[in-house]
> 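Pasting in a structure now, in structure tokens, and then I'll have a few things to ask.
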Amino acid sequence: AVRGGAPAGEPAGAGQAEAKAIFQCPMHPAIVQDHPGDCPICGMKLVKVDAPAAGGAAASAAKPAKKEPEKTIFQCPMHPAIVQDHPGDCPICGMKLVKVTSGGAAEEHADHSAHRPAELAAVEIDPTRQQLIGLRTARAEVAPVGGSWRTAGRVAVDERRIHHVNLKVGGFVEHDHANFVGKEVRRGEPLFSLYSPELLAAQEELLLALRTRDALAKSGAAPSDGNALVEAARRKLQLWDVPAAEIERLERTGEPSKFLTFRSPASGVVVKRDVVPGMRLEPGAMPYEITDLSRVWVLADVYETELRNVAVGMRASLTLKAHPNRTFEGKVAFVDPILDPRTRTVKVRLEFPNGGGELKPEMFGEVVLHGEAREALRIPADAVIHSGTTDVVFVSLGQGKFLPVEVKVGERDSRWVEIVEGIDEGEAVVTRANFLVDSESRLRASLAAMTQGAGGPAPAPAADPHAGHGGR
């Protein structure tokens with residue numbers, strides 16, 4: 001029999017879904033199941049929780065959510081736990097508190113649904129725990145980015161300032177004036193003295209040509225008849241690298257020198273010496289190598305991803321551990337047209353003045369290439385977590401809620417990272433303890449996936465206050 005529209009023997013209200021008991025871990029709310037047991041994470045006994053009836057849930061869902069009135073509060077950007085209802089300074093770091101809106105703050109955030117990583121979940125951390133783990137946040141701001149790139153550099157010799165002293169005539173070394181490697185010499189200073197029978201004979205030829213020219217001039221012959229012979233003898237000595245001052249002395253005094261002194265062709269440092277007194281040198285020998293270190297090269301490696309920012313003439317600075325309080329200024333002189341396939345880098349040659357000799361070849365230092373900076377959205381480099389092929393930041397939503405957002409980065413340096421896509425200006429991102437937040441986010445996402453896959457009731461996801469609002 002049916003009474004009151006209900007079958008006989010059924011309790012009143014059976015048409016509505018009965019409330020079903022569920023069991024939940026008090027320490028890990030994501031662990032939910034429909035039968036008693038232990039938490040697989042901490043081992044605690046699951047606590048019985050009465051789930052709302054389906055009809056009641058439907059009725060609740062049918063009711064429009066009451067919007068909380070907006071309330072203006074002031075929060076520290078570096079310590080989100082510091083919140084008060086009036087302006088002031090943070091008692092921890094002393095920063096000015098930033099004005100934010102609670103209650104209606106959900107509408108002020110951008111919609112990050114298109115940038116939510118599937119393997120991460122939103123997390124909620126109470127202020128006390130934030131203080132314990134040292135969580136800090138910073139706001140995205142539009143400021144200069146790029147303009148400088150750092151790399152390692154090695155000081156090298158300027159190959160255009162290497163001078164070889166070669167002999168074009170054989171002889172015996174009488175005396176060496178530059179008698180050790182590393183000796184500094186000036187242009188025109190004596191290097192070594194050489195006795196050579198061939199040089200002595202060439203001097204006699206020049207004196208004989210001079211006497212012949214004078215005799216022809218006295219006999220009334222044309223002066224040009226003797227000049228050709230003199231020029232030929234003088235040219236022979238010049239081609240053998242006899243100094244011009246020595247030739248002038250020979251013509252003035254008329255006395256040949258047994259030993260001829262060869263002088264330095266440039267100022268610099270003796271880096272190679274293959275001569276000792278009494279040694280015989282053959283034509284073509286190279287007794288000295290002199291390098292001018294008044295200007296040096298610095299060879300730096302630039303990755304192919306940063307190569308577009310490097311150009312010839314760009315200003316560069318160099319710092320060395322040997323001179324920690326000094327910065328050397330130079331410029332880019334050459335960019336290698338060939339990429340090194342092993343290191344995926346390109347050699348860049350920079351030129352630096354070295355009048356004081358502080359820059360010594362084979363020194364290592366840090367090179368900073370200075371380019372043109374531009375205005376763009378940036379955040380601290382510590383805020384970005386590299387997750388495989390993606391970059392993720394955790395955006396602070398206020399009231400201890402943090403949302404993982406995938407971002408696209410641009411230029412970066414040791415302090416700042418440019419954000420091309422993902423977040424907007426003014427949003428706060430986690431800069432310290434973000435790896436702990438990332439671990440909690442991954443754990444919650446994994447537990448949620450396990451719970452849903454086991455057929456049990458899925459835990460209610462954290463409400464995303466960004467839904468329904470436009471963003472980047």
Side-chain angles (χ1 to χ4, degrees), residues 28 30 41 75-81 93 98 109-146 148-150 303 305-306 376-450 461-467 471-472:
H28 301 88
I41 299 177
Q75 186 179 38
C76 176
M78 298 298 295
H79 303 86
C93 62
V98 179
H109 290 279
D111 180 15
H112 294 296
S113 58
H115 302 281
R116 289 283 299 275
E119 68 277 7
L120 297 175
V123 297
E124 185 173 351
I125 305 175
D126 61 86
T128 303
R129 187 180 174 195
Q130 293 182 30
Q131 293 291 335
L132 291 175
I133 66 177
L135 189 145
R136 299 290 183 271
T137 62
R139 296 191 178 274
E141 60 180 356
V142 176
V145 297
S148 64
W149 299 269
R150 296 179 180 272
Y303 289 100
T305 56
E306 301 175 348
L377 184 66
R378 73 179 190 183
I379 60 175
D382 295 338
V384 180
I385 299 177
H386 304 284
S387 178
T389 58
T390 61
D391 295 315
V392 177
V393 299
F394 283 89
V395 178
S396 175
L397 307 180
Q399 301 178 355
K401 296 180 180 180
F402 300 93
L403 184 70
V405 178
E406 182 178 340
V407 295
K408 183 178 180 181
V409 301
E411 302 289 346
R412 68 175 67 208
D413 55 27
S414 59
R415 295 184 57 193
W416 304 101
V417 174
E418 177 190 2
I419 300 299
V420 179
E421 182 181 350
I423 61 175
D424 293 330
E425 181 182 3
E427 292 192 272
V429 295
V430 179
T431 59
R432 290 185 58 184
N434 48 358
F435 285 98
L436 297 177
V437 179
D438 178 71
S439 301
E440 182 73 14
S441 176
R442 291 180 182 277
L443 178 62
R444 292 197 179 190
S446 300
L447 292 175
M450 291 171 56
D464 185 1
H466 296 71
R472 183 180 290 271

> Measure across Ser441 and Pro404 and return the closest heavy-atom pair with its distance rounded to 0.1 Å.
OG-CG, 4.1 Å
> What are the two closest non-hydrogen atoms of Val409 and Val420, and how far apart are they?
C-CG2, 3.9 Å
> Tell me, do Val392 and Val405 make a side-chain contact under 4.5 Å, heavy atoms counted?
no
> Are any of the side-chain heavy atoms of Ile385 and Phe394 separated by less than 4.5 Å?
yes
> So, for Ile125 and Gln130, which heavy atoms are closest and what is the spacing to 0.1 Å?
O-NE2, 2.9 Å
> Which value, rounded to the nearest 0.5 Å, describes the distance between Glu425 atom CD and Arg378 atom CZ?
11.5 Å
> Going through the distances and angles, do Glu411 and Trp149 end up as a side-chain contact (heavy atoms from CB on, under 4.5 Å)?
CA-CA 10 Å; Glu411 302 289 346; Trp149 299 269; 3.5 Å; yes
> Rounded to the nearest 0.5 Å, how far apart are CG of Asp438 and CD of Glu119?
9.0 Å
> Rounded to the nearest 0.5 Å, what separates atom CG in Leu436 from atom CG in Leu135?
8.5 Å
> Could you measure the distance from the OG1 atom of Thr389 to the CD atom of Glu406? Nearest 0.5 Å is fine.
7.5 Å
> For the residue pair Val429 and Val407, establish whether any side-chain heavy-atom pair is separated by less than 4.5 Å.
no
> For Ala433 and Ile133, work out which heavy atoms get closest and say how close.
CB-O, 3.4 Å
> Going from CG on Leu403 to CG on Leu120, what distance comes out if it is rounded to the nearest 0.5 angstrom?
9.5 Å
> Does Glu306 reach the main-chain N or O of Tyr303 with its side chain, forming a donor-acceptor pair under 3.5 Å?
no
> If you round to the nearest 0.5 Å, how far is CD of Glu440 from CD of Glu124?
11.0 Å
